[in-house]
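In this text the structure is predicted, and so the values were computed from the model without any measurement.
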Amino acid sequence: MSKHHHGKAHQFGAPMAEHHGVHSQMAPLSKGSGFQPLPAPTGPYPYRLDLASIIPDQVAAMKLAGGMSMHLIADTGGVLDPTPQELVAAGMITDAGLAGPYGKPAFAYHCGDVIYFDGQASRYYAQFYLPYEFYPIPILGIPGNHDGDIYDNGTLVDTVPSLTAFVNNFCAAQPGTHTPEAMDIPRTAMTQPNVYFTLETPFATFIGLYTNVPEGGEVHQDQRDWFAAELKAADPAKPIIVCMHHPIHSLDAYHSGSKTMAAVLTEAETTAGVAAHMVFAGHVHNYQRFTETDDAGNQKPFFVAGFGGYHNLHRMETNGGQDIVAPFTPPDQPNVTLESFVDDRFGFLRLEIDETTITVKTYSVPRPQESYRAPPRLRDTMKLDWKNRRLVA
């Protein structure tokens, strides 16, 4: 009779979203790494940052122009292959020189996973400072799970507390702080007041959540209370844009969107009596755009922008063995529509925001085997009449 070892059972492949039915909120399918304590804030509650403190001249120009332009990215760290990140950065540098209706993009917002694996200070130069050496505008944003994790496949890789390097490079106490991680690159650290914070701009309020490390995200009560309070306090004359790392909706084959994050948003909006106009996320390594329509016909766009440079793109899941074709409504989610996606190229988003409309243009960049001189290619355009919460055809 053979002896069996008792204890931990064998484990093999991770669960895939597409094996669990076509639904945009399957995650978390696995536990992932554990929740990591948050670092101390570097600024006073309620953790607000005025964009004018970073780029006063550009903010003044926005007000004169009647609108603003910006970039949005996520999941950029080129840890195993820097080429995709470099191609996206090159595309962003090109686009940063192009004036739209409200001038050139004034800043970029990052929805997390700046550094793989996982958030170490020693990797900031290669994965952040060097790729954006010639990018002429500030990069603000929130951390992702890889920025906060201190383990790589269960092995401790970073012995300093979670998000230490992120705080040093994005939450400096004083403007003009040049960190050791930047080395010979002139870019200085941002002065965000916390790893979750509200960015106040002339034409939109950006509420950035930190959704921590566990798969599907985990947000504790202190941040939930802050989130609801910031929704309630937001200027009603501007759209409210929520940014988080783990997406609420995703129809990729691997992760899916998060029912946990959906509950966090619903709870905060209900408590505040105020609804966000638009939600951006990363984590899933492709581009997706969803529209969620409520019973009153109000439309809320949800974006996944995780195709910013991490080398491993995530394909979309299939439906009955066939590729999903947008627009697509999951069978048991009649109020959710996948409007567009890009799962075979890397890229970035450009936003134009004024007193009535938010326009989001999605660009892809050349593949590594193609000419790097090819300009970014427009792949999707969305316009939202944010005051009436309706998409504009």
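- Under the 30°/60° scheme for interplanar angles, the aromatic rings of W386 and H277 are found to stand perpendicular.
- Chaining together hydrophobic side chains whose heavy atoms lie under 4.5 Å apart leaves F12 on its own.
- A chain of hydrophobic side-chain contacts below 4.5 Å, direct or via other Ile, Leu, Val, Met, Phe, Trp or Tyr residues, connects V365 to F134.
- R187 places a side-chain N or O within 3.5 Å of a backbone atom of Y132 that can act as its donor or acceptor partner.
- Atom NZ of K361 is surrounded by 12 or fewer heavy atoms from other residues, nucleotides or ligands within 6.0 Å.
- Salt bridge annotation for K238-E200: absent, with no cationic side-chain nitrogen under 4.0 angstrom from a carboxylate oxygen.
- The NE2 atom of H249 lies 13.0 Å from the NZ atom of K259; values are rounded to the nearest 0.5 Å.
- The NE2 atom of H311 lies 9.5 Å from the CG atom of L313; values are rounded to the nearest 0.5 Å.
- Judged by distance alone, with hydrogens and angles left aside, the side-chain atoms of R345 form no donor-acceptor pair with the main-chain N or O of F307 at under 3.5 Å.
- Two residues are said to be in side-chain contact when any heavy atoms from C-beta on lie closer than 4.5 Å; D184 and Y125 meet this criterion.
- Y210 and V160 are assigned to two separate hydrophobic clusters, defined by single-linkage of ILVMFWY side chains at heavy-atom distances under 4.5 Å.
- Using modelled atom types, no side-chain atom of R289 and backbone atom of M382 make a donor-acceptor pair closer than 3.5 Å.
- V79 and M183 are assigned to two separate hydrophobic clusters, defined by single-linkage of ILVMFWY side chains at heavy-atom distances under 4.5 Å.
- Using the six-membered ring where Trp is involved, H283 and H245 have ring planes that are perpendicular, over 60° apart on the 30 and 60° scheme.
- At a cut-off of 3.5 Å, with distance as the only test, a side-chain donor of Y129 or N169 sits close to an acceptor on the other residue.
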For residues 333-340, please give each side-chain donor-acceptor pair under 3.5 Å, one per line with the distance, not counting sequence neighbours.
from : atom 1 : to   : atom 2 : distance (Å)
Q333 : OE1    : S24  : N      : 2.8
Q333 : OE1    : S24  : OG     : 3.2
Q333 : NE2    : S24  : OG     : 3.0
T337 : OG1    : T329 : OG1    : 3.2
E339 : OE2    : T291 : OG1    : 2.7

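- In this view, D343 satisfies the salt bridge (charged side-chain N to carboxylate O under 4.0 Å, His left out) rule with no residue, not counting sequence neighbours.
- From N212, atom CG reaches atom CG of D147 across 11.5 Å, with rounding to the nearest 0.5 Å.
- Side-chain atoms of F328 and V22, non-hydrogen and from C-beta on, do get closer than 4.5 Å to each other.
- Ring pair Y109/F197 is parallel by interplanar angle, where below 30° counts as parallel and above 60° as perpendicular.
- Heavy-atom neighbours of Q322 CD from other residues, nucleotides or ligands within 6.0 Å: at or below the threshold of 12.
- A distance-only check finds a donor-acceptor pair linking the side chain of Q120 to the backbone of D118 [under 3.5 Å].
- The 12-atom threshold is exceeded at CD of E370, counting heavy atoms of other residues, nucleotides or ligands nearer than 6.0 Å.
- When only modelled atom types and interatomic distance are considered, T179 and N168 share no side-chain donor-acceptor pair under 3.5 Å.
- Within the hydrophobic cluster formed by Ile, Leu, Val, Met, Phe, Trp and Tyr side chains joined at under 4.5 Å, directly or through other members, I150 is accompanied by Y151, L156.
- Remark: the backbone N or O of G67 is not paired with any side-chain donor or acceptor of E352 at under 3.5 angstrom.
- L80 contributes atom CG, which lies 9.0 Å from atom CG of N312 (distance to the nearest 0.5 angstrom).
- Here the side chain of S69 pairs no donor or acceptor atom with the backbone of P101 at under 3.5 angstrom.
- Scored by the side chain to side chain contact (heavy atoms under 4.5 Å, CB included) test, A40 finds no partners at all (sequence neighbours excluded).
- Here salt bridge (Lys or Arg N to Asp or Glu O under 4.0 Å) pairs that include residues 308-331, with residues two or more places apart or in two chains, are E18-R315.
- In this structure the side chain of L351 never reaches within 4.5 angstrom of the side chain of F303, judged on heavy atoms.
- Note: Y124 and F128 have perpendicular aromatic rings, judged against thresholds of 30 and 60 degrees for the angle between ring planes.
- Ring geometry for H255 versus H285: interplanar angle over 60°, hence perpendicular rather than tilted (30 to 60°).
- Ring geometry for H71 versus Y135: interplanar angle under 30°, hence parallel rather than tilted (30 to 60°).
- The aromatic rings of F35 and H220 lie parallel to each other, with less than 30° between the two planes, well short of the 60° mark.
- No continuous path of hydrophobic side-chain contacts links M26 to V304 [ILVMFWY only; heavy atoms under 4.5 Å].
- In this structure the side chain of M190 never reaches within 4.5 angstrom of the side chain of H110, judged on heavy atoms.
- Rounding to the nearest 0.5 angstrom, the gap separating the CG atom in D75 from the SG atom in C111 is 9.0 Å.
- Counted by atom type alone, Y310 and D113 present zero donor-acceptor pairs between their side chains at under 3.5 Å.
- Distance CZ/F302 to CD/Q288: 13.0 Å, rounded to 0.5 Å.
- Within a 6.0 Å radius of CD in Q369, other residues, nucleotides and ligands contribute more than 12 heavy atoms.
- Although no hydrogens or angles enter the test, the distance criterion places no donor-acceptor pair under 3.5 Å between the side chain of Q223 and the main chain of L209.
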